[in-house]
Structures are given as structure tokens and as C-alpha cells.
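Because only heavy atoms are used, hydrogens play no part in the values below, and waters and symmetry mates are left out as well, while side chains stay in.
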2 protein chains.
Amino acid sequence: MSESLLQRAKGVRDFGPEEKIERDRIVESLKQVFESFGFSPIETPIIERYELFASKFGQGDQSDSMKESFKLKDQGLRDLVLRNEFTIPFARYVGMNPNLRMPFKRYQIGQVFRDGPIKLGRYREFWQCDVDVVGNPDVSADTEILMIAQKVFAKLGFEVEIYLNNRKLLNAVLDKYEINKEIATDVIISIDKLDKIGVDGVVEELKNKNIEEAKAREFLQILNVTGTNEEKIGKLQTSLGKIDALQEIEQTINLMPNQENIVFLPSLARGLAYYTGNVFEIFLKDKNVMSSAVGGGGRYDKMIGGFLGKDGDIPAVGISFGLETILDVINKTGISEMKKTVTQVYVLAMGEENMKSAIETADQIRNLGINVDIDLQNRKLKKNLEYANALEIPYVVIIGSDEIEKKQITLRNMKDGSQKSIKPEEIKNYLN
Amino acid sequence: MSESLLQRAKGVRDFGPEEKIERDRIVESLKQVFESFGFSPIETPIIERYELFASKFGQGDQSDSMKESFKLKDQGLRDLVLRNEFTIPFARYVGMNPNLRMPFKRYQIGQVFRDGPIKLGRYREFWQCDVDVVGNPDVSADTEILMIAQKVFAKLGFEVEIYLNNRKLLNAVLDKYEINKEIATDVIISIDKLDKIGVDGVVEELKNKNIEEAKAREFLQILNVTGTNEEKIGKLQTSLGKIDALQEIEQTINLMPNQENIVFLPSLARGLAYYTGNVFEIFLKDKNVMSSAVGGGGRYDKMIGGFLGKDGDIPAVGISFGLETILDVINKTGISEMKKTVTQVYVLAMGEENMKSAIETADQIRNLGINVDIDLQNRKLKKNLEYANALEIPYVVIIGSDEIEKKQITLRNMKDGSQKSIKPEEIKNYLN
């Protein structure tokens with residue numbers, strides 16, 4: 001193969017042991033949290049029908065996401081697409097399984113694909129971790145999703161703030177100020193930037209959308225309230241009355257055992273048009289480390305029903321965690337000690353005649369639940385210690401004729417170089 | 001969405017909770033075994049460059065595997081392919097990382113794709129689990145791979161036989177009988193069927209390849225030896241002399257702590273042309289349950305080097321386990337009890353006023369490491385018990401005003417219907 005063949009496709013990555021061990025650790029942490037709340041895994045395929053994603057209930061065939069999706073055909077010339085998200089396949093799955101017991105709580109973790117321009121931190125193949133519940137219309141389900149987010153980041157050791165808002169609040173404000181429904185989504189997208197570009201920035205954008213400055217300033221002032229969550233709710237009630245949106249936010253927060261890092265942010269919108277109730281977005285407390293969201297989601301009661309051609313709502317709420325962003329944070333903060341290997345103990349034989357005993361001893365240690373690598377090439381001691389050292393394997397076990405005779409092993413602590421003679425079955429007591 | 005949109009792409013599958021929990025369990029078992037031998041995970045992308053797979057060192061652009069691969073282009077019109085196996089990307093990875101410390105031991109688990117005809121048990125998107133070591137030329141590495149296979153199936157509760165042979169043995173026989181090198185691969189593929197179609201069947205095929213019947217019968221008789229592994233090796237030494245192949249087989253077996261289910265099968269070839277030494281294939285002892293192999297692999301010392309344009313060998317040996325075949329066996333034998341949910345305890349509040357306490361109690365139990373689902377809709381007791389029953393959740397916790405006052409919970413065993421009043425922090429002692 002010529003050197004030029006030694007290339008990956010554009011925009012995709014290899015993960016060597018160090019990175020993959022860490023990725024697996026994070027996925028395992030998320031999995032544990034999701035399952036601790038009774039969410040079960042499902043797997044939908046990577047290849048989906050083009051028609052499903054491009055349908056008007058999905059992304060629409062003229063949307064940016066469809067333009068940036070990988071398209072292909074099978075040998076029967078059927079139009080296919082590599083999934084670029086999990087919600088549309090989930091809606092299809094719910095539609096194809098009418099006997100699912102509700103509420104249906106599932107999570108899905110895996111690769112998604114986008115054929116877009118490559119920027120820092122943007123890849124063509126990346127992992128997404130979604131957890132959703134379908135069939136529960138009550139905000140208590142939203143509370144549970146927020147509790148999951150708290151647990152996930154507590155487990156990862158991230159200090160986060162969870163911003164919470166409700167789409168109905170934004171709709172109520174736009175209604176009150178008689179903003180044309182046709183531009184409502186555009187206006188909401190501008191309002192969403194309040195936290196980033198400030199009142200003046202948003203006013204400028206709204207003026208370009210033909211909204212009078214005075215009117216814009218008035219409703220932005222309402223949304224730009226300060227104080228505790230309770231104070232903000234109080235102030236907004238004064239401006240807007242006891243509307244559903246505020247009640248939902250209040251209830252969602254009040255049901256939480258720990259309300260500490262929940263921040264009611266009345267301007268939060270999250271781009272997607274399909275949200276119908278609470279929306280949430282999670283940021284590191286220290287935005288200098290990472291300014292993008294590490295997770296986000298919301299309630300989307302109309303999407304699945306619309307998708308399935310049903311008249312009524314099929315209530316759903318969920319959240320998505322970005323594995324790549326989480327890893328960027330870990331790499332930047334060094335919050336986790338990356339491991340170069342899964343091996344805990346490295347076994348080596350002194351002399352080829354002792355190889356079989358070494359293999360047996362390695363197996364004996366393995367049966368104690370310890371990950372054991374072994375030198376099968378009978379290399380020199382020095383070379384072996386270098387290998388163990390380079391891979392940061394914490395312990396080496398040496399098997400020579402002496403050891404075999406005494407039914408013992410020599411255990412070397414690679415950190416401090418100390419050695420002990422012990423029985424192989426006792427090894428667990430000596431490992432950190 | 002019209003009903004007709006509620007379809008998957010042809011040849012791919014959804015896995016609901018029950019199936020996905022089981023798939024995850026098996027993958028986790030394999031992972032644990034691989035890691036217990038010091039193999040670390042890596043991840044290469046699903047999308048690869050077409051040129052890599054189609055190159056003459058890969059599958060060749062006219063091969064059946066390339067014809068049955070999914071092809072696509074990115075927006076830059078680069079030719080891409082969805083990976084149909086892990087060995088070629090692994091060779092690329094080794095080539096792109098010249099500083100890898102040898103031996104390099106990795107495993108990879110994930111989806112592979114083939115755009116072929118759909119038959120029973122053949123899918124277009126399926127999972128493969130590969131473990132390989134590169135950089136160790138000694139048969140001790142082959143021994144380790146066989147030990148991994150033993151551990152994997154012992155863990156899954158499968159009774160298997162591991163067939164072992166060496167390509168050099170087949171080459172030696174063909175040399176001795178002066179079979180034309182050009183038809184050697186074809187002849188080897190016929191010999192591989194000895195176990196299935198018997199001597200007469202193979203002779204028939206060989207006659208069609210212009211090999212005289214007498215000659216064919218002679219060398220098939222040599223390969224068709226019976227007895228223990230030792231006896232077979234002895235008989236073949238009588239016919240062929242003390243050739244390398246027989247020594248390698250002897251050494252590979254002799255290093256194994258457990259040689260019980262290792263069967264030397266002199267006719268075993270395994271199709272692929274790239275094997276250079278030991279080859280192995282694993283079958284259930286009871287072939288009535290599953291007649292296809294549940295795993296297979298071998299030594300391929302020339303492939304990676306050829307791939308990378310290197311002169312010398314880059315020794316490698318590995319094995320691949322088929323997740324789908326393993327699952328077929330489990331489904332057929334009922335050897336594992338499939339779980340409908342990950343939930344261990346289902347919490348319900350008697351009355352909406354107790355919902356917050358129920359959420360807090362659920363969280364308290366969760367913090368003990370137990371998976372807890374909770375009724376957030378305050379449904380009737382009967383409906384809740386039906387739900388827990390249908391999902392086969394083993395325990396239900398009931399939180400009413402009485403319980404809250406006494407700081408206790410009512411724990412119901414769903415199997416026998418018995419109930420107890422206990423403190424929430426004691427729950428672990430009462431769960432099976």
C-alpha cells in the first residue's frame with residue numbers, strides 16, 4: 001500500500017487505547033446513571049431510509065441537516081441515509097411498536113454522522129447519548145430528566161449549571177406583544193442569544209426582523225429579570241399573570257430533591273422548532289473551560305404524534321449529552337487520569353522453561369478478576385520492565401524457577417520499585 | 001407520516017430493550033475477557049476511504065466483499081465505504097502509528113456493514129467482536145488467543161470445540177503431492193469441506209480441478225487421521241516428517257493450561273487467503289443447535305506488512321466472534337434468561353401529595369446502587385402493579401402517608417406478593 005493510502009476518510013477519527021478506554025468509561029458512567037433511573041437501552045440502525053429523515057415531519061428535504069447528511073443507495077437502488085440524530089429513529093421505533101407499554105423510558109448511545117465542513121471540535125462521525133421518556137405528559141418526567149443530568153455531571157466531576165425555561169413562556173410573551181406567528185421562530189432564535197450578545201445585540205437583530213425597537217426593549221426587559229428562581233417567577237407573574245408556563249417551571253423545580261444548580265433562564269429557547277414545553281441546556285459553571293453546552297433537551301409533545309400521523313399528542317421529553325464535548329472538557333481540565341492500558345498486572349517468566357508456569361499463574365490471577373498481561377516472547381527483564389513502565393502497568397509479577405519451587409511469586413510495585421514474595425492467591429491484598 | 005414511511009431500511013434491525021440488554025450483556029462479557037488478558041479497546045471509524053478497502057492489499061476492487069460493500073461519497077466527492085470488517089482498518093491504524101509499542105494487543109467491537117442478499121441470519125448491519133495481537137511471532141500468542149476463546153464461551157455457558165490447524169501443514173501436503181501453486185487456494189477451500197461433505201465429496205470437487213482421483217484420495221487419507229491430538233500429530237509425522245507445521249500445533253496445544261476442548265483438525269483451512277500459520281474455528285459441541293461457527297481466526301503474518309508496503313513480516317494473530325450467531329444460540333437454547341427491563345425496584349406514591357417524598361426515596365435507594373424506576377403520573381395501585389408485573393420488575397416500593405410518618409417503606413415482592421415494612425436504607429438486604 002502506498003503511503004498515500006494510509007489515510008482516514010476526511011473528518012473521522014481513530015481512538016487508540018488511551019482515548020477509547022476513557023470514552024468507554026464515560027459511556028459506562030452515563031449508562032449506569034440512565035439505568036439507575038429505570039431507562040433501558042435500545043438500538044436502532046445506523047442506516048435509515050432517506051424518506052424517513054427527509055419527510056416533512058422529520059427534517060424536511062431542504063433543511064440544512066438533510067443537506068449535511070451522508071446519503072447512499074443499496075444495490076436495490078433504495079435511498080438511504082446515515083442517521084444524524086436519534087429522535088427521528090426513536091419516533092419511527094415507537095410508531096412501529098404500537099404495543100409498547102407507556103411510559104416508555106429508553107436511552108440510546110452510538111455514532112451519528114454529518115457530512116458538513118470540518119471545524120475545531122466538529123467531526124463527521126461522532127457519538128451522541130440520548131435519554132427520553134415517551135408517554136408521560138406530567139412535568140414530573142421533566143424533573144426526572146433534570147435529575148439525570150445532575151447525576152451524570154456529578155459522576156463526571158463537572159460543576160455545571162442547568163438552565164431551564166419553557167417554550168410556552170416565550171410564546172406568551174410574543175402573543176402579548178402581538179408578534180406575527182410567521183416570524184415567531186426567528187424571533188425566538190434571536191431571544192435565545194440574550195445571554196450571549198446582551199439586550200442591545202438582540203434588539204439590533206429584532207429590528208432587522210421589522211420589530212420596533214421600543215417594543216423589543218419592552219419584552220426583552222421582561223425576560224431579562226434577575227434574582228433567585230423564585231424571584232424571577234414572581235416578577236414574571238407580575239408582568240404576565242399566572243400563566244401555565246410559569247406554573248410548569250415552578251412545579252418542575254419544586255419536585256427536585258436538589259435545586260441548587262437549576263437556573264431559570266427566561267430567554268432560553270434552544271433552536272429546534274419542535275419543543276413544546278420545558279427546555280434545558282447545561283453549561284459548565286466555568287465557561288472559560290468550555291463555552292458550548294455539554295447537554296440539552298426539552299419536551300416535545302407534538303413531534304412523535306405528528307410523525308406517526310396521529311391526531312393527538314404523544315408526550316415526550318428527553319435530553320442529549322455530547323460525548324465529544326464531555327471529552328474536550330476532560331482533556332482540557334485533566335479532571336480524569338487517562339489510562340494507557342487496561343492491564344493491572346504484567347507477568348513475566350525468567351527463562352523459557354518457566355513459560356508454561358507463567359501462563360498458568362497469569363490465568364490463576366486472572367480468575368481473581370484482575371486484568372493480566374503476560375510476556376509471551378520471553379524477553380529480557382530490562383526490556384519487560386521498560387514495556388510495563390511505558391504502558392504504566394502498576395505491578396509486575398516475576399516467575400522464575402525459585403518461585404515455582406516455593407509456589408510463590410515475586411510482586412514488583414512499579415511505582416516505588418519494591419518487591420515482595422507472596423502466594424499468587426493473596427495478590428489482591430497487595431494491589432492498590 | 002404515512003404508514004408506508006414506518007419502515008426500516010432493508011436488512012437492518014431495531015433492538016428493543018429486551019434484545020439490547022442481552023446484546024449489551026454479551027458484549028460486556030467479551031470485553032471483560034479480552035481486558036482480563038490485557039487487550040485494550042480501540043475504535044476506528046465506520047466510514048473509511050474506498051481506496052483502502054479496494055486496494056490489492058485489502059479486498060481488491062473486483063472481490064465479492066467489495067461488491068457487497070456500501071459505497072458513498074462525501075460532499076467533496078471523495079469515495080467512501082462503510083467498513084465490512086475490522087482487520088483492514090486495524091492494518092491502517094498500525095501503519096499510521098509507527099510508534100506503537102509491540103506487542104500491541106487490541107480488541108474492537110462494533111457494527112460492520114454488507115450490502116448483500118438478505119438470508120436467514122444474514123443482515124446488512126451487524127456487530128463483530130475482534131481481538132488481535134500484532135508484533136508477536138511466537139505461537140504462545142496463538143495459545144493466548146485460544147485461551148481467550150475458551151474463557152469467552154465458558155462465561156457464556158456454551159459447550160464448544162475449538163478446531164485447530166496450521167496452514168503450513170496444508171501447504172506441505174500440497175507440496176508433497178506437487179499440486180500446482182496456482183490452484184492451491186482452490187484446493188485448500190475444497191479440503192476445508194472434508195468435515196462436512198466427507199472424502200468422496202471432496203474427491204469429486206478435486207477431480208473437477210484436474211487432480212487425479214488416486215492422488216486426491218492419498219493426501220485426503222493423510223489429512224483424515226483420527227485419534228487424540230497427540231496420536232494425530234504422531235501419524236502425520238510418520239507421513240510428512242517432523243515439519244514446522246506439526247511442531248507449531250504441538251507447541252500451541254502444549255502451552256495451554258486446559259487442552260480439553262482443543263481438537264486438531266488437519267483439514268481445517270478457513271477460506272481467507274491471508275492466513276500463514278495456525279487457524280482456528282469454534283463450533284458448539286452440539287451442532288444440532290447451531291451448525292455455523294461461533295468464532296474463528298488465525299495467524300496472518302504477511303497481511304499487515306504487505307498492506308504497509310514493508311518488506312518483512314509484521315506478525316499478527318487474532319480471532320473474531322460473531323455477536324449475531326452467539327445471540328442466535330442463546331435464543332435457541334434459552335441458556336440465558338432475557339430481561340425485559342434494567343429496573344430492580346419500582347417506587348410508587350399513594351396520593352399525589354406524597355410524590356415528592358417518593359421521588360426522594362427513589363433517589364435514596366438509587367444511591368445504594370440499585371436501578372429504580374418510579375411512577376411519576378400517580379396512577380392507581382392496580383395499574384402500577386400491572387406495569388411492574390408486565391416488565392417483570394421484581395420489587396415494588398410503596399410510599400404512603402403512614403410510611404412517610406414512620407420513615408419506612410413498604411416493600412412488595414412481586415414474585416410471591418408478600419409485603420414488609422422496612423427502613424429504606426436496609427433495602428439491599430431484602431433484594432435477591
Out of Ile46(B), Ile393(B), Asp363(B), Leu72(B), return the one with the most heavy atom pairs under 4.5 angstrom to chain A.
Ile46(B)
Determine whether a donor-acceptor pair (N or O, by modelled atom type, separation under 3.5 Å) exists between the side chain of Glu35(B) and the backbone of Asn371(A).
no
In terms of heavy-atom pairs under 4.5 Å with chain B, which of Glu360(A), Lys73(A), Met96(A) leads?
Met96(A)
Output for pair (Gln7(B) CD, Leu52(A) CG), nearest 0.5 Å, gives 10.0 Å
Contact summary for Tyr387(B) and Pro103(A), nearest pair of heavy atoms:
OH-O, 3.2 Å
Tell me if a side-chain donor or acceptor on Lys356(A) pairs with a main-chain N or O of Asn254(B) at a distance below 3.5 Å.
yes
Chain A contact via Phe113(B) - side chain, backbone, both or neither, heavy atoms under 4.5 Å
side chain
With Arg124(B) as partner, the option from Asp74(A), Ile47(A), Leu80(A) fulfilling side chain to side chain contact (heavy atoms under 4.5 Å, CB included) is Asp74(A)
Kindly indicate, with the supporting measurements, whether the criterion side chain to side chain contact (heavy atoms under 4.5 Å, CB included) is fulfilled by Lys340(A) and Arg101(B).
CA-CA 11 Å; Lys340(A) 290 197 173 153; Arg101(B) 196 161 277 272; over 6 Å; no
How far does CZ of Phe15(B) sit from CD1 of Ile42(A), to the nearest 0.5 angstrom?
11.0 Å
Give, as side chain, backbone, both or neither, the part of Tyr107(A) having an atom under 4.5 angstrom from any heavy atom of chain B.
side chain
At a heavy-atom separation under 4.5 Å, does Arg106(B) approach chain A through its side chain, its backbone, both, or neither?
neither
Taking all non-hydrogen atoms of both residues into account, name the closest pair between Leu376(B) and Glu144(A) and its distance.
CD1-OE1, 3.4 Å
Cut-off 4.5 Å, heavy atoms of chain A, and the answer for Arg114(B) is neither
Nearest 0.5 angstrom please: Thr143(A) OG1 to Ile359(B) CD1, how far?
6.0 Å
Counting only heavy atoms not in Glu352(A), do more than 12 sit closer than 6.0 Å to its CD atom?
no
If I measure from the heavy atoms of chain A, does Phe90(B) come under 4.5 Å with its side chain, its backbone, both, or neither?
neither
Glu68(A), Met355(A), Lys105(A): which one forms the most heavy-atom pairs within less than 4.5 Å of chain B?
Lys105(A)
So which of Gly76(A), Gly16(A), Pro257(A) has the largest heavy-atom pair count under 4.5 angstrom toward chain B?
Gly16(A)
With a 4.5 angstrom heavy-atom cut-off, is it the side chain or the backbone of Lys71(B) that approaches chain A, or both, or neither?
backbone
Please classify the contact of Glu51(B) with chain A as side chain, backbone, both or neither, using a heavy-atom distance under 4.5 Å.
both
Without swapping roles, check the side chain of Gln75(A) against the backbone of Lys67(B) for a donor-acceptor pair under 3.5 Å.
yes
Looking only at Val133(B), Leu82(B), Leu391(B), the option with the highest number of non-hydrogen pairs under 4.5 Å against chain A is Leu82(B)
Heavy-atom pairs under 4.5 Å with chain B: which of Lys31(A), Arg23(A), Lys151(A) has the most?
Lys151(A)
Heavy atoms only, distances under 4.5 angstrom: which of Met256(B), Arg366(B), Gln32(B) has the most pairs with chain A? Name it, please.
Arg366(B)
Counting only heavy atoms not in Lys155(B) (residues, nucleotides, ligands), do more than 12 fall under 6.0 Å from its NZ?
yes
Separation between OG1 (Thr341(B)) and CZ (Phe39(A)), nearest 0.5 Å, reads 11.0 Å
For chain A, which candidate among Ser36(B), Gly38(B), Ser40(B), Ala9(B) shows the most heavy-atom pairs at distances under 4.5 Å?
Ser36(B)
With a 3.5 Å distance limit and no angle check, can you tell me whether Gln377(A) reaches the backbone of Asn136(B) through a side-chain donor-acceptor pair?
no
Quick check: do Val342(B) and Pro41(A) have side-chain heavy atoms less than 4.5 Å from each other?
yes
Contact part of Asp138(B) toward chain A, heavy-atom cut-off under 4.5 Å: side chain, backbone, both or neither?
side chain
Heavy-atom pairs under 4.5 Å with chain A: which of Val12(B), Thr343(B), Val372(B), Thr44(B) has the most?
Val372(B)
Under a 4.5 Å heavy-atom cutoff, which of Met147(A), Arg78(A), Glu48(A) has the most pairs with chain B?
Arg78(A)
Answer yes or no: is there a donor N or O on one side and an acceptor on the other, between the side chain of Glu19(B) and the main chain of Glu43(A), under 3.5 Å?
no
